[in-house]
Amino acid sequence: MIPFFKYFTISSFIALFAIIFQAYFESGQLQEVTEVLSSLMKLENVNRKSIPKVIIGYGSCSDLTVRAVDFLNYSENFKESFSQRDQNDDEINTFDDFMKSFLYYFSKGAAAERYTPNKEMFLNLVNIAKKHESHRWELGGNAAVMGTRFLIEKTEVLLAATMSDKQKTHLINGIDLVDFKPTKDFVDDIHLILEYKTGERFGEHVAPRANRYIIHSDANNPLIISLELLKPNALKGDLFVVSGLQMMDNYPFSSPTLRSERLEAVKNQIISLDKKTLTHFEMASFVEIELLNDLTKYILPYSDSIGLNEQEIDNLLHVLESGKISLVANSNPRVATTLDQMRKVFKILNRNYFANRDTDKNVRMLSRIHIHTLAFQLILNVKDSKWKNIKTAAAKSSLIAHRHVCQTSYVNPDNAILVLDDSFSTSIEENAKTDDVRPKRIDVKKSGSAISCWIEKLKVDEKNLVEVKICVAPVLVCREAKKTVGAGDNISASGLAMQI
Ligand SMILES: *[C@@H]1O[C@H](CO)[C@@H](O)[C@H](O)[C@H]1NC(C)=O
Ligand SMILES: *[C@H]1O[C@H](CO)[C@@H](O)[C@H](O)[C@H]1NC(C)=O
């Protein structure tokens, strides 16, 4: 028999070893985080000779945010309806539909934004949320949030959004707003945002990462009523941003062709711009395949740049390759996977560009892609395109990701984790075999800079080889997520602001 004290010694030795190891590991992490931080901060600023002008469409809303797991009441009844959920269950007509949808995205940690035609159920939820202790109100909507970020990054901003006079008072000073006189019965659209943190529990479901689920019942945004308020003579600038189109998803338009007509109006607005004005389309979480098909027809061919997250690139690629949507993807993908998806999207969209440019003089080459994920920022620029300062944009957007989610302007290394590995492959082997890109291993530590950039030649079609520059910036992931809504908009806008 082993005497008692031996047990004691062995177990305490193990415990001590574990503590030392943990401390050693954490100090290593801390040092790495500090190095990445200083490397990013050295790169995050630009010196501009003149102030660029940005025009941003479309819309705004009032964001009402609550803590999902405190606000919603779990019921055992959800179990059954959750297990019966299928891919097409994205119409939200009842409270039960809503819970089913929420649980699905929550358990995957995927951001979602869904429309419900059931105004009564929606207003009921809003009324409960308004009284909930965790609630907060803010000005929201992709265009308004991006506009705010652009202004902070020292650009001139014209925003196309319709707001009540009360809502306008929440808009940051300095943004130029289109002229809109609200009628007496005009009400701002409300978005109810259910936020959750990594590891939060709801019944038997655990959120794999911090994110948010948005439910809305918009009346103004789906119709893009601010579009016509952008008068032709106001459409002069360095960059035109299209965002907020996901509000048209699942919306019951009064006529079957109305949505396409509105998207065609967006297209006409874009093609009325001077070719010198760069165009950016901020994607979002789309569910309806018809809408995505319309986007590939009316919006994508006229966009110089697109911004999207890991779910959205997966979805877009699915649509382009197979005509089907993908609702959720891995919420923390590998760099190689995302790079492969980015190249494929780049090639498909530009193959269309090369095929159509002789017949449609308005099509634009897709010359910029920005993918924002939890662990890294990925930016692609076509060489010799008009986009400037790619490295600065990668650094800036990475820092903004941390600052936004942690809600701080000062980045505390103790409150950050690096999720991206020290080295990564630029392509997944099996894809590389069939592709023109030879996978490389990028060793982030060896390169001396937190941001890794390299050049590739992408074979778009038989005749066209396009040279691109790609940069990857690690994100200092916020340990204690305070806010996820608006992250993508802040990140995208900060990157764009550095590149014009
Ligand atoms: C959750 O339950 C409480 C207590 O019964 C109730 O007051 C509240 O309205 C419920 N919340 C929701 C979102 O249904
Ligand atoms: C992003 O935008 C929102 C709304 O404009 C703002 O509340 C938030 O603090 C911004 N994030 C950062 C990092 O400034």
Side-chain angles (χ1 to χ4, degrees), residues 40-41 44 56 59-75 77-78 94-96 98-99 102-103 116 118 120-155 157 159 161 163 167-175 177 191-196 202-203 212-213 215 241 243-244 282 372 377 395-412 415-416 475-478 481-497:
L40 292 176
M41 284 180 62
E44 76 165 323
I56 308 176
S60 69
C61 59
S62 299
D63 278 350
L64 174 58
T65 307
V66 283
R67 262 174 69 94
V69 295
D70 293 347
F71 170 68
L72 296 168
N73 302 314
Y74 188 76
S75 145
N77 300 339
F78 299 147
T94 63
F95 182 72
D96 206 45
F98 159 61
M99 284 311 304
F102 169 77
L103 277 174
T116 175
N118 187 338
E120 197 189 323
M121 187 255 307
F122 180 73
L123 284 178
N124 187 30
L125 281 172
V126 166
N127 283 327
I128 303 172
K130 269 182 191 169
K131 293 179 202 122
H132 196 265
E133 55 177 11
S134 71
H135 90 279
R136 63 170 197 263
W137 283 102
E138 272 161 319
L139 174 65
N142 308 85
V145 174
M146 289 182 86
T148 307
R149 171 51 55 195
F150 272 113
L151 192 86
I152 299 171
E153 300 305 337
K154 302 189 177 67
T155 69
V157 180
L159 173 64
M163 300 183 194
Q167 179 87 295
K168 270 181 214 162
T169 62
H170 294 287
L171 195 62
I172 180 173
N173 248 332
I175 290 188
L177 195 61
H191 289 191
L192 179 58
I193 297 160
L194 304 160
E195 276 201 311
Y196 50 85
F202 192 59
R212 78 286 187 293
Y213 180 98
I215 181 163
V241 177
S243 70
E282 189 64 20
H372 32 91
Q377 302 292 324
K396 183 77 182 188
S397 54
S398 163
L399 285 165
I400 290 292
H402 178 96
R403 289 177 185 140
H404 179 82
V405 178
C406 268
Q407 286 289 292
T408 172
S409 52
Y410 165 75
V411 182
N412 177 359
N415 199 15
V475 171
L476 299 167
V477 181
C478 177
K482 294 247 163 56
K483 188 175 180 184
T484 54
V485 65
D489 296 326
N490 269 283
I491 294 168
S492 252
S494 68
L496 281 164

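Quantities reported herein were computed from a predicted structural model and do not represent experimental measurements. First listed ligand is number 1; within each ligand, the first listed atom is number 1.
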Legend entry - Steps toward salt bridge (Lys or Arg N to Asp or Glu O under 4.0 Å) verdict (Arg67, Glu133): CA-CA 9 Å; Arg67 262 174 69 94; Glu133 55 177 11; over 6 Å; no
Suppose we measure from [atom] to each protein heavy atom; which comes out shortest, and what is that distance?
atom	value
atom 14 (O) of ligand 2	Arg149 NH2, 2.4 Å
atom 2 (O) of ligand 2	Asn490 ND2, 2.6 Å
atom 14 (O) of ligand 1	Asn73 ND2, 3.6 Å
atom 4 (C) of ligand 2	Val145 CG1, 4.0 Å
atom 13 (C) of ligand 1	Phe71 O, 3.5 Å

Legend entry - atom 4 (C) of ligand 1 within contact range, any protein heavy atom under 4.0 Å: no
Legend entry - Sub-4.0 Å protein heavy atom near atom 7 (O) of ligand 1: no
Legend entry - Under 3.5 Å: N/O of His404 near N/O of ligand 2: yes
Legend entry - Ser492 vs Glu282, side chain to side chain donor-acceptor pair (under 3.5 Å): CA-CA, chis, key distance, verdict: CA-CA 8 Å; Ser492 252; Glu282 189 64 20; 2.7 Å; yes
Inset, instruction - Inspect the contact between Glu195 and Lys482 and indicate whether a charged nitrogen and a carboxylate oxygen are less than 4.0 angstrom apart. - result: no
Legend entry - Sub-4.0 Å atoms of ligand 2 with respect to non-hydrogen atoms of Gln407: 9 (O)
Inset, instruction - Check ligand 2 against Thr148 and write out every atom of the ligand that is under 4.0 Å from a heavy-atom position of the residue. - result: 5 (O)
Inset, instruction - Give a yes or no answer on whether the side chain of Arg212 reaches the backbone of Ile193 with a donor-acceptor pair at less than 3.5 Å. - result: no
Inset, instruction - Would you check if the side chain of His191 reaches a backbone N or O of Thr65 as a donor-acceptor pair within less than 3.5 Å? - result: no
Legend entry - Stepwise salt bridge (Lys or Arg N to Asp or Glu O under 4.0 Å) test for Arg403 and Glu44: CA-CA 13 Å; Arg403 289 177 185 140; Glu44 76 165 323; 3.0 Å; yes
Inset, instruction - Would you tell me which option among His402, Lys483, Glu138 has the nearest heavy-atom contact to atom 6 (C) of ligand 2? - result: Lys483
